[in-house]
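When a residue number appears, it is its place in the shown sequence, counting from 1. In this text the structure is predicted, and so the values were computed from the model without any measurement. Worth knowing before you read on, the calculation uses all heavy atoms, side chains too, and leaves out hydrogens, waters and symmetry mates.
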Amino acid sequence: MKNKAIIAAIIAIMIGVLIFVVIRYNTSMKSEDAAPELSSQAESTEPMADIETGISSPESIPDYDDTDDIVTREVQSVSTVILNEAIKINDGNIGEFYSKESYEDVIPVDIRTFSKSEIPAKYDSRDVNGKRYITEIEDQGYTSLCWSYSAIASVEADILSHHSDIDYSDLNLSEKHLAYYNLHKAEGSVNGYIDNDYRKIENAENEDDDWIFDYDTNYVSVGGVSNFVISLLTAWKGPVTETGEDAFKSLYGQKYIYEDNYDEPSDAFNSEYHVQAVSEILASEENRDMVKQMIMEHGAVTASVNADNQYWRNHNRTLYSAFGGEPVPTANHEVVIVGWDDDYSGSNFVTSPKKDGAWLCRNSWGNFSGEGGYFYLSYYDETTCNNNVAGYSVVLKGEKDWYDNNYQLCGFLDNVVSALDDSQNYVTAYTESQNPYAVLYEASSDESLMAVGLMGIDTYQQYDIEIYVNPEMTDDQFIGFNKLMEPENTTKVSAISGGYHTYELSKPVKLNKGDNFLVLVNPASSGILIYENTADNVGDANYDEWNNLTGNIRNNYEASRRSYYIADDGTGLLRQDDKDFFVKAYTNNN
């Protein structure tokens, strides 16, 4: 009987081991069946095209023995999708946003300074109680840089609206500097983390008629959207004052715009101001009051329009585009909204919209366009209502939110194929979820971590941000939740608008030189997660309006191998070797 008992015990143990192995094998096979990662050159640019399922590779997740205290977090299934470059900000869940008890004391970073009851029927940022928030009209000439001109005008407006000691006539920032570094490599980021993320123009076709390359000014014929500006200015690549090499010399003449602007602008990271937030919302009829509040807060917002001739009236004095129920085409021009008039008559437009009311807009076509460079845009313009507006938050040196260092891994939000057709360019993202993600930085000196910056394309978002110093990991590939000790700091944050926001931590986190610090983002609201996908690809050749070869755009984005996403089994964070997340960390030197 004793021998039989021993034999039975051995058999039971063997069966238990076999069951454990089968379970582990099946779990791994489930992850291995996931579709492969996005290739460096996407096959489709349709919006929300589903191209990948699954999250992580199981080979890098360590096996746990019986002594491990396994900690898991919930994992939601996601897919990778391709989004049109002109991303629409999604409507978040406002009811859920205001009903969470744990966030009832959390003030959104973009709380509206002006309530709806304070919104007047007519407003003009050129004269707000005797103060002007709008700089002089600019002329983009024959360039395709409306996106740069509109963004810089909005940045200037935010500065003027918050600094009564600065006069509009003394502020003139450089559109050239911004546009140049959209398509040139820049070195000087903290620890060089984004130095190898860049775009450039080359003659990949080896065509003979490449005279513009002699001047390196092809970039002036590249259109764009606010994604370009968010990528550049939140990286602190400018803005700088428009002077010397940071100013365009010629803006007209198909040869002069290339030949006369050959001089290279000042260093990329030579920023005189820090852009710390770019608030974005869809400019729909339902969001009209929010757009007005943003204008009152920031002085102006950028907006997208259709600039085709049939929609304008009286030398570009009024604009209203409508498409008779057909899909709204991609916007082809970027302007700045500086005010509004609820009673502006609809009869002033080529085709009368359904009701009165219009936005007062600043254009970048010089003083002789419209009414001294300004025009009225119908509240019901279908192009504008189908796109985002963006308001910029700018900090001056010496102010509380001026930080010394900007840690960042993701250099650009989008992959550019065409210089003039935004519908061909795209962004990669994970579909909506609350899955945690993280970035790992190394402190370059003795510093204090003060704030974290996040990019989102949904309104009404809330996050728990956790900071860990020198977290334990397995060969830099896996960070188990069971190995994470208590965080150095946990801060709940929220934002009403989409776009990029900076969130101040509840208290600074002290860092010593060489410390690794993990910024772990736990979304409390479901949202789409944009990321920069590793790429080295070249688009088709582009030509300007005179059929001059302006070249092929090469996207070169190298993964830092410092971005982390939750593993399939929810036990920890797995290093991502083919992508980076748009999460920044701001420190001050000790």
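Under the side-chain hydrogen bond (donor to acceptor under 3.5 Å, both in side chains) test applied with Thr113, the options His298, Gln293, Glu297 reduce to a single match, Glu297. With Thr135 as the partner, the side chain to side chain contact (heavy atoms under 4.5 Å, CB included) test is satisfied by one option alone out of Leu160, Ile152, Asp170: Leu160. Considering Asp216, Asp246, Val220 in turn, Asp216 is the only one that fulfils the side chain to side chain contact (heavy atoms under 4.5 Å, CB included) rule with Tyr180.
Heavy-atom neighbours of Asp540 CG from other residues, nucleotides or ligands within 6.0 Å: at or below the threshold of 12. Counted within 6.0 Å of CZ on Phe323, heavy atoms from surrounding residues, nucleotides or ligands total more than 12; the atom is thus considered enclosed. By the 6.0 Å contact criterion, CD1 on Ile111 is enclosed, its count of non-hydrogen atoms from other residues, nucleotides or ligands being greater than 12.
Residues Phe375 and Trp365 place their aromatic rings such that the two centres sit no closer than 6.0 Å. Ring to ring, Tyr142 and Tyr256 are not that close: their centroids are 6.0 angstrom or more apart. For Phe582 and Tyr437, the ring centers are positioned 6.0 Å apart or more. Between Trp359 and Tyr379, a ring centre-to-centre spacing shorter than 6.0 Å is recorded. Separation of the Tyr403 and Trp236 ring centroids does not fall under the 6.0 Å cut-off.
Listed by first and then second residue, the salt bridge (charged side-chain N to carboxylate O under 4.0 Å, His left out) pairs that reach into residues 400-422 are Arg199-Asp414, Lys400-Glu504, sequence neighbours excluded. Applying the ring-ring contact (aromatic ring centres under 6.0 Å, His included) test to residues at least two apart or on different chains, the pairs with a partner in residues 144-169 are Trp147-Phe228.
One finds a salt bridge joining Asp536 and Arg554 here, because a Lys/Arg side-chain nitrogen approaches an Asp/Glu carboxylate oxygen to under 4.0 Å.
Side-chain polar atoms of Asp544 and Tyr258 form a donor-acceptor pair below 3.5 angstrom. Under the 3.5 Å distance criterion, with hydrogens and angles disregarded, no donor-acceptor pair is assigned to the side chains of Tyr407 and Asn405. Judged purely by distance below 3.5 Å, without hydrogens or angles, the side chains of Asn332 and Asp308 pair a donor atom with an acceptor atom. Side-chain atoms of Gln408 and Ser189 include no donor-acceptor pair closer than 3.5 Å. When only modelled atom types and interatomic distance are considered, Gln276 and Thr502 share a side-chain donor-acceptor pair under 3.5 Å. For the residue pair Ser148 / Glu175, no side-chain donor-acceptor distance below 3.5 Å is found, with atom types taken as modelled. Inspection of the Asn406 and His274 side chains reveals no N or O donor paired with an N or O acceptor under 3.5 Å. There is no side-chain donor-acceptor pair under 3.5 Å between Asn348 and Thr318. A donor-acceptor contact under 3.5 angstrom links the side chains of Ser321 and Thr383, judged on distance only. Checking Asp139 against Tyr252 by side-chain atom types alone, a donor-acceptor pair falls below 3.5 Å.
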### Message
Does Lys292 form a salt bridge (Lys or Arg N to Asp or Glu O under 4.0 Å) with Asp342? I'd like the steps, not just the answer.
### Response
CA-CA 11 Å; Lys292 291 178 177 179; Asp342 289 346; 2.8 Å; yes

### Query
Would Ser563 and Asp580 count as a side-chain hydrogen bond (donor to acceptor under 3.5 Å, both in side chains) if you check the C-alpha gap in whole Å, the side-chain angles of each, and the deciding distance to 0.1 Å?
CA-CA 5 Å; Ser563 290; Asp580 275 310; 2.6 Å; yes

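In terms of heavy atoms, Asn84 sits closest to Ser423 at OD1-O, 3.5 Å. Between Pro239 and Tyr273, the closest heavy-atom pair is CD-O, 3.5 Å.
Listed by chain and residue number, Arg126 satisfy the salt bridge (charged side-chain N to carboxylate O under 4.0 Å, His left out) test with Asp124 (two or more places apart in sequence, or in another chain). Residues passing the salt bridge (charged side-chain N to carboxylate O under 4.0 Å, His left out) test with Lys584: none are found, sequence neighbours excluded. Shown here are the side-chain hydrogen bond (donor to acceptor under 3.5 Å, both in side chains) partners of Lys185, two or more places apart in sequence or in another chain: Asn196. The side-chain contact (heavy atoms from CB on, under 4.5 Å) test applied to Asn90 returns Ile457, Asp458, Ile528, not counting sequence neighbours.
Remark: Ile295 CD1 to Ser125 OG distance equals 7.0 Å, nearest 0.5 Å.
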